[in-house]
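Take a look at the structure set out below.
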Amino acid sequence: MESTFDPVIVCFCCQWCSYAAADLAGSMRLQYPANVKIIKVPCTGRVDVISLLRAIEEGADGVFVSGCLLGDCHYISGNQRATKRVAYAKKLVETFGMNPQRVEMYYNSSAMGPQFAQCCKEFTDRIRELGPGLRKNELETGYTPESK
Ligand code: FES
């Protein structure tokens, strides 16, 4: 039986490259899942660990950060910081008993519209396979992290 689970996914997208890639994907009329809610940020270096965890706590089933290609950040090292923060958030999420695959980092230049759409599709498929995050537990028991 096919899953009817429709995940909520939050994407923190840097305004320079990745948001332009998302725009390009739209201009090219490339389909990507509508469950990806994009939050535009000046640079992925602005996304802190708390923001990633809060997205999950507030009901996102998965969260990813999409920044400029490594070496191309408009603020020099913002995406390197984001890479470290995403890695740390993955560890914390695992500590809480959730699958760390619910958090991810991608890199897309402004010309990578098709790749951005592909990231959205792949991540949505991954989360669909993992099933609901905290929402499931809220509905069933109140507030307990999922079991691995
Ligand atoms: Fe895009 Fe920093 S400006 S990641």
Side-chain angles (χ1 to χ4, degrees), residues 3 5-138 143 145-148:
S3 165
F5 168 53
D6 208 15
V8 173
I9 292 169
V10 171
C11 164
F12 290 98
C13 216
C14 101
Q15 69 176 348
W16 296 102
C17 287
S18 282
Y19 196 79
D23 248 0
L24 179 60
S27 305
M28 293 171 77
R29 299 186 183 277
L30 298 171
Q31 296 275 326
Y32 64 85
N35 3 21
V36 178
K37 314 294 181 207
I38 296 178
I39 298 173
K40 185 162 78 167
V41 292
C43 170
T44 56
R46 178 67 184 82
V47 180
D48 55 25
V49 174
I50 296 290
S51 303
L52 299 171
L53 298 180
R54 174 116 345 124
I56 288 177
E57 185 187 42
E58 295 289 331
D61 301 298
V63 57
F64 71 93
V65 178
S66 183
C68 301
L69 298 176
L70 286 171
D72 283 349
C73 172
H74 288 59
Y75 302 95
I76 303 175
S77 60
N79 51 5
Q80 291 168 7
R81 275 195 208 140
T83 302
K84 287 181 187 166
R85 289 175 182 159
V86 166
Y88 186 57
K90 277 174 170 277
K91 280 185 192 161
L92 290 176
V93 161
E94 195 169 21
T95 304
F96 302 149
M98 298 182 76
N99 192 315
Q101 295 295 307
R102 290 187 185 278
V103 184
E104 199 52 82
M105 177 86 205
Y106 294 105
Y107 310 93
N108 291 291
S109 76
S110 55
M112 292 170 74
Q115 289 85 344
F116 180 83
Q118 190 59 31
C119 290
C120 293
K121 281 184 203 150
E122 280 176 15
F123 193 72
T124 301
D125 288 346
R126 180 198 295 183
I127 300 302
R128 196 166 273 138
E129 210 165 283
L130 289 174
L134 291 174
R135 287 191 297 154
K136 175 186 85 179
N137 300 296
E138 279 175 2
Y143 196 79
E146 67 184 311
S147 56
K148 282 189 203 174

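Residue numbers count from 1 along this sequence. Start at 1 and go down the list; that is how both ligands and their atoms are numbered.
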Whether the side chain of S51 engages the backbone of V47 through a donor-acceptor N/O pair (distance < 3.5 Å, no angle test) should be reported. no

Tell me, please, if C14 has any N/O/S atom, main chain or side chain, under 2.8 Å from atom 1 (Fe) of ligand 1? yes

Could you label the plane-to-plane angle of the W16 and H74 rings as parallel, tilted or perpendicular, counting under 30° as parallel and over 60° as perpendicular? parallel

In ligand 1, the atoms that come under 4.0 Å of a heavy atom of T44 are 4 (S)

Just jot down the ligand 1 atoms closer than 4.0 angstrom to any heavy atom of C43, in number order. 2 (Fe), 3 (S), 4 (S)

Distance check below 2.8 Å: does C73 bring an N, O or S atom to atom 1 (Fe) of ligand 1? no

Checking side-chain polar atoms at under 3.5 Å, does Y107 have a donor or acceptor matched by the opposite partner on T83? yes

Say whether T44 and N79, considering side chains only, have a donor N or O and an acceptor N or O under 3.5 Å apart. no

Against heavy atoms of W16, which atoms of ligand 1 measure under 4.0 Å? 3 (S)

Salt-bridge criterion met for D6 and R128 (N-O under 4.0 Å): yes

